[in-house]
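Position 1 is the first residue of the sequence, and the numbers go up from there. Side chains included, hydrogens not; waters and symmetry mates left out as well; all remaining heavy atoms used. Ligands are counted one by one from 1 in listed order, and the atoms in each one are counted from 1 as well. All of these numbers come straight from a predicted model, not from anything done at the bench.
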Amino acid sequence: MTASVPTTTPGQVSDFYDVYNSLLRKYWDDNFHFGYWLDADDGSSVSVATDRFTDIMISKLPVGPGARILDVGCGIGKPAIRLARATGASVLGISINQNQVDEANALAAAEGLADRVSFQVVNALDMPFDDGSFDAALAFESIVHMPRKAALSEIARVVRPGGHIALTDLIRVDAEESTSPAAFMTQSVVRLEDYRELCRDAGIEIDELLDVSAHTDRTYDAMQNGIERSSEEISGKFGPGMMETLKNVMTPFAMGNVIGCAIVAGRRKPVLR
Ligand SMILES: C[S@@+](CC[C@H](N)C(=O)[O-])C[C@H]1O[C@@H](n2cnc3c(N)ncnc32)[C@H](O)[C@@H]1O
């Protein structure tokens with residue numbers, strides 16, 4: 001495994017989002033994840049690019065009506081709602097942050113999907129669900145906040161044998177580890193190849209291990225631009241120190257030559273270990 005940063009507790013992550021939920025919604029998107037652009041000429045907006053990434057992740061979860069999907073680290077529920085609409089499945093989204101869960105449940109109700117899409121405050125590292133409760137699981141950019149090994153084992157535990165699991169993660173893409181990607185509110189950043197061992201240990205059989213950094217790299221600039229454009233408003237609303245804080249939060253992600261993005265898709269093996 002590669003470089004590490006101080007671990008953050010689920011409580012700290014929740015506190016972080018209490019501040020950043022509104023910032024992300026206003027200056028990024030209701031999708032709290034990277035955008036996916038097709039190529040350098042793709043002029044898609046953040047909203048289109050983030051929805052596109054959701055659609056790509058949905059395509060990794062081949063389930064249909066009647067299936068039960070767990071969305072681990074659901075944000076304010078936009079991906080879960082899109083997932084439920086696309087598949088016809090029921091989705092339970094979990095987050096460590098109460099405000100996100102409240103927003104997400106309100107969104108599901110507003111979309112007329114509350115009978116099939118719901119959200120709960122649950123710690124993904126210790127879920128109150130029986131083994132094999134779900135037909136599939138999505139963890140969309142949420143594992144960045146968690147110890148990978150523990151999170152993957154717990155996700156694999158609650159998915160039925162043969163059930164699909166798809167996630168995205170930040171990965172190190174530098175040839176040599178010369179600089180530290182110490183990232184606020186993220187756990188250690190692993191390399192794509194580390195997922196072979198991580199998945200094997202968790203009882204997940206890998207179908208796809210993809211470095212999609214070339215498609216997501218623009219996220220950093222897009223986020224930075226959104227923040228810069230609104231710097232006066234942000235300082236006015238969140239205090240004069242917020243722009244500096246945001247710069248620090250974003251610094252590791254701005255290092256496109258160091259930090260990239262991966263998709264991991266697979267199935268839970270019949271026997272965990
Ligand atoms: C970058 S956001 C991604 C949100 C959502 N998947 C999306 O794509 O819009 C990370 C999410 O992981 C959640 N999270 C982080 N640590 C968690 C934990 N231990 N248990 C449950 N959720 C957690 C956060 O609350 C947040 O919802």
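- Between Asn97 and Ser14, the shortest heavy-atom contact is ND2-O, 2.9 Å.
- The protein heavy atom nearest to atom 14 (N) of ligand 1 is Ile96 CG2, 4.0 Å.
- You'll find the side chain of Lys149 reaches within 4.5 Å of the side chain of Asp201, heavy atoms only.
- Nearest non-hydrogen protein atom to atom 25 (O) of ligand 1 is Ser95 OG, 2.9 Å.
- Within ligand 1, counting atoms from 1 as listed, the ones closer than 4.0 Å to a heavy atom of Met146 are 16 (N), 17 (C), 18 (C), 23 (C).
- Ranking the protein heavy atoms by distance from atom 20 (N) of ligand 1 puts Ala124 N, 2.8 Å first.
- Using a 4.5 Å heavy-atom cutoff, the side chains of Asp42 and Arg52 are in contact.
- The atoms of ligand 1 that sit less than 4.0 Å from any heavy atom of Phe140 are 3 (C), 5 (C), 6 (N), 8 (O).
- Considering Asp29, Asp30, Asp71 as possible partners of Lys78, the one that fulfils the salt bridge (charged side-chain N to carboxylate O under 4.0 Å, His left out) test is Asp29.
- Phe140 has its ring centre less than 6.0 Å from the ring centre of Phe53.
- The backbone of Val122, and not its side chain, has at least one atom closer than 4.0 Å to an atom of ligand 1 (non-hydrogen atoms only; backbone = N, CA, C, O).
- Salt bridge Asp194/Arg148: absent, no basic N to carboxylate O contact under 4.0 Å.
- Taking any N or O of Gly75, backbone or side chain, at least one lies under 3.5 Å from an N or O belonging to ligand 1.
- The shortest N or O to N or O distance between Ile94 and ligand 1 is not below 3.5 Å.
- Inclusion of Asn123 in the set of residues having an N or O under 3.5 Å from an N or O of ligand 1 is warranted.
- Under the 4.5 Å side-chain criterion, counting only non-hydrogen atoms from C-beta, Ser118 is in contact with Asn105.
- Here Pro79 has side-chain heavy atoms under 4.0 Å from ligand 1, and that is the only part of it that gets that close.
- Val48 and Leu38 fall into different hydrophobic clusters, where Ile, Leu, Val, Met, Phe, Trp and Tyr residues are linked whenever their side-chain heavy atoms come under 4.5 Å apart, directly or through other members.
- For atom 5 (C) of ligand 1, the nearest non-hydrogen atom of the protein is Gly73 O, 3.3 Å.
- Between the CD atom of Gln98 and the CD atom of Gln120 there is a distance of 10.5 Å, given to the nearest 0.5 Å.
- Heavy-atom contacts of Ser142 reach the following atoms of ligand 1: 10 (C), 11 (C), 12 (O) (cutoff under 4.0 Å).
- Considering backbone and side-chain N/O atoms, Leu125 never comes within less than 3.5 Å of an N/O atom of ligand 1.
- Looking from atom 24 (C) of ligand 1 to the surrounding protein, the closest heavy atom is Tyr17 CE1, 3.7 Å.
- Residue contacts with ligand 1 for Cys74 involve N, CA, C or O but no side-chain atom from C-beta outward (heavy atoms, distance under 4.0 Å).
- Between Phe32 and ligand 1, at least one N/O pair is under 3.5 Å apart.
- At a 3.5 angstrom cut-off on N or O pairs, Val13 does not count as close to ligand 1.
- The shortest distance between side-chain heavy atoms of Leu23 and Met242 falls below 4.5 Å.
- For a threshold of 3.5 Å applied to N or O pairs, the pair formed by Glu141 and ligand 1 contains no separation below that value.
- Checking only distances, Gln100 does come within under 3.5 Å of ligand 1, N or O to N or O.
- Contacts between Lys78 and ligand 1, counted as non-hydrogen atom pairs separated by less than 4.0 Å, are absent for every part of the residue.
- When side chains are defined from C-beta on, Leu167 counts as touching Tyr195, because their heavy atoms get closer than 4.5 Å.
- You'll find the side chain of Ile259 reaches within 4.5 Å of the side chain of Tyr220, heavy atoms only.
- Against a heavy-atom cut-off of under 4.0 Å, His33 is close to the following atoms of ligand 1: 7 (C), 8 (O), 9 (O).
- The only member of Asp55, Thr87, Thr54 that meets side-chain hydrogen bond (donor to acceptor under 3.5 Å, both in side chains) when paired with Arg82 is Asp55.
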